[in-house]
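Scroll down for the structure; my scribbles are underneath it.
In what follows, every heavy atom counts, from backbone to side chain, and hydrogens, waters and symmetry copies are set aside. Quick note on labels: first sequence line is chain A, next is B, and so on, each numbered from 1. These figures come from a predicted structure and were not determined experimentally.
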2 protein chains.
Amino acid sequence: MSPVSHLPARALAPRRHDEILRRLGAQGSVSVAELAGFFDVSRETIRRDLKLLSDQGRLGIVHGGAARFEPSEPAMSLRSQENAGGKAAVGRAAARLVRDGMVVFLDSGTTTLAVAHAISELRDLTICTASLKIALHLCHVPGMRVHMLGGEVDPGEEAAVGIDTLDAMARFRVDIAFLGGGALSPDGEVTDFTRAGAEQRGRMIALAGKAYFVLDASKFGKLTPLRIPNFERAAGVIVDANPELALAEALSQKGPELIVAA
Amino acid sequence: MSPVSHLPARALAPRRHDEILRRLGAQGSVSVAELAGFFDVSRETIRRDLKLLSDQGRLGIVHGGAARFEPSEPAMSLRSQENAGGKAAVGRAAARLVRDGMVVFLDSGTTTLAVAHAISELRDLTICTASLKIALHLCHVPGMRVHMLGGEVDPGEEAAVGIDTLDAMARFRVDIAFLGGGALSPDGEVTDFTRAGAEQRGRMIALAGKAYFVLDASKFGKLTPLRIPNFERAAGVIVDANPELALAEALSQKGPELIVAA
DNA sequence: GGTTCGCTGCCACATATTGCAACATCAACG
DNA sequence: CGTTGATGTTGCAATATGTGGCAGCGAACC
């Protein structure tokens with residue numbers, strides 16, 4: 001038992017770690033000097049703490065301290081300009097699969113935003129989405145009922161993510177879903193950047209009558225870390241250009257149909 | 001040597017970057033001299049920071065500082081331009097009530113959108129809103145966590161409404177809430193257009209530590225059909241001009257404080 | 001009691017960031 | 001059209017920070 005005496009009660013390592021993470025959450029960054037002064041330990045000790053937390057992937061080390069991770073991908077406004085023509089073609093191909101009166105789920109992402117524009121021509125759709133921009137666009141189209149899924153907003157995606165989103169999704173009966181993805185891997189599978197994203201897409205496949213991935217050619221052959229559950233049960237993958245033969249075969253063997261937009 | 005001295009603790013690079021981006025988001029542009037003075041570093045350092053952020057595509061460098069490149073904000077809806085000065089004043093008055101670290105609820109509406117812009121200056125806020133535009137704006141401000149409330153999207157409000165929204169709202173512990181309203185009736189009560197809106201606002205009054213209505217002068221003395229439950233428990237009503245004496249007295253008699261923005 | 005192990009602080013050396021100074025550019029104005 | 005003050009750029013030196021080795025210290029264990 002540690003004596004509860006008058007000793008200066010030096011902070012134990014886990015206590016320091018907790019406080020460091022708390023400050024990170026509150027201020028976004030911490031400095032070695034600050035922390036060393038606060039805990040009254042040497043800078044080396046703080047650095048060792050930061051190294052440890054960094055190895056656990058809970059913060060990023062910068063010169064002079066540490067900072068919270070910011071996924072900081074290129075702003076969405078920039079991404080949506082890339083290969084705009086291809087995305088539009090994918091959007092039109094996707095729209096041809098939709099019939100008046102359907103319940104449509106639209107995932108977040110720039111290609112699904114193109115789908116949202118393409119289906120503006122249709123009537124009497126019920127739209128279900130976690131993307132702020134898609135909701136904002138389609139809510140002004142007459143004859144559309146738009147349901148926004150709630151959750152914590154991911155600035156990179158400009159969309160709700162997380163447990164609340166999964167929860168809200170489960171309440172819908174969806175006729176057709178259009179999903180984004182991080183990459184179309186060489187073995188014919190769509191993969192994702194984040195655990196939360198992969199989970200969300202996987203559940204939507206299970207939930208929707210038919211689920212299609214929409215991807216543009218820039219995603220071919222890339223690799224991202226997370227497999228999407230239920231991928232083989234997706235109805236198809238809509239792309240804007242012919243992928244390599246090997247990739248196409250690998251995909252069709254998994255199950256989903258390959259649709260190449262004109 | 002004991003580091004008990006309160007040396008100015010030079011800001012870490014990431015902290016400077018956050019602050020620069022925050023100012024960009026709030027004011028649209030920043031100057032090198034301003035920033036150098038604020039952080040107490042040399043102009044070269046600031047320029048190196050700006051170069052770095054520019055390379056990441058997060059701002060554009062101009063002579064004398066940096067500006068945010070806005071791929072043309074597609075002209076905000078007409079309503080928000082009416083009495084823009086007054087709404088901005090209300091927004092600033094509202095922002096003065098907010099402290100770093102708070103959980104803030106922002107209702108839908110054009111005046112609350114002005115509040116959203118005004119609180120961009122603050123840091124480490126958790127925002128909870130049903131408004132698509134507010135979520136879209138604030139999710140890009142560093143240091144803000146934004147929670148979007150789900151629900152069916154009302155095209156007029158560009159916000160989620162309905163049972164799902166009420167449900168999601170109830171899960172939050174809110175420090176301060178800013179609510180819109182349809183009118184400030186002659187008997188000193190804020191009233192609303194729709195049953196769903198009135199119910200949502202009434203519940204938020206009950207839920208939040210402090211609830212303020214934000215209104216501009218165009219709402220004075222008008223009449224809309226629905227009373228807002230719990231109105232007398234609201235902390236205050238923030239407006240941009242002095243209402244008639246009778247109206248002010250009627251309001252103060254109900255309970256909420258009248259705050260007239262400069 | 002002795003030993004091992006983990007944590008911590010100190011030291012010396014490597015590296016990164018910053019500020020200064022000199023010079024090149026830019027923009028406003030008569 | 002040229003001057004003038006402010007701003008941008010570059011090389012370099014000073015300072016702060018990061019890294020690895022080593023020893024002291026206390027706790028746990030044999």
Among [options], which is the nearest nucleotide to the side chain of [X]?
X: B:S42; options: D:dG8, C:dG9, C:dG19; result: C:dG19
X: A:T45; options: D:dT7, C:dT8, D:dT19; result: C:dT8
X: B:V41; options: D:dT19, C:dG19, C:dC11; result: C:dG19

| said: Judged by each residue's nearest nucleotide on DNA chain D, which is more toward the 5′ side, B:E44 or A:G65? | reply: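 Whichever sits nearer the 5' end wins; that is B:E44.
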| said: Using only modelled atom types and a 3.5 angstrom limit, is any donor from either the side chain of A:R48 or the base of C:dG6 paired with an acceptor on the other? | reply: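 In this structure, the two groups form no donor-acceptor pair.
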Check whether more than 12 heavy atoms from other residues, nucleotides or ligands sit under 6.0 Å from atom [atom1] of [X], and answer yes or no.
X: A:I163; atom1: CD1; result: no
X: A:R58; atom1: CZ; result: no
X: B:K210; atom1: NZ; result: no

Atom [atom1] of [X] and atom [atom2] of [N]: how far apart are they, to the nearest Å?
X: A:L35; N: D:dT17; atom1: CG; atom2: P; answer: 12 Å
X: B:I46; N: C:dT17; atom1: CD1; atom2: P; answer: 15 Å
X: B:R43; N: D:dT10; atom1: CZ; atom2: P; answer: 18 Å
X: A:R47; N: C:dA14; atom1: CZ; atom2: C1'; answer: 13 Å
X: B:H17; N: C:dT18; atom1: NE2; atom2: P; answer: 8 Å
X: B:H63; N: C:dA27; atom1: NE2; atom2: P; answer: 6 Å
X: A:I61; N: C:dT17; atom1: CD1; atom2: P; answer: 14 Å
X: B:L50; N: D:dT9; atom1: CG; atom2: P; answer: 11 Å

| query | Looking only at side-chain N and O atoms, does B:R16 come under 4.0 Å of OP1 or OP2 in C:dT18? | reply |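 Yes.
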| query | Which value, rounded to the nearest 0.5 Å, describes the distance between A:L149 atom CG and A:T129 atom OG1? | reply |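 OG1 of A:T129 is found 6.5 Å from CG of A:L149.
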| Does B:T112 reach the main-chain N or O of B:D107 with its side chain, forming a donor-acceptor pair under 3.5 Å? |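 Between the backbone of B:D107 and the side chain of B:T112 there is a qualifying donor-acceptor contact (under 3.5 Å).
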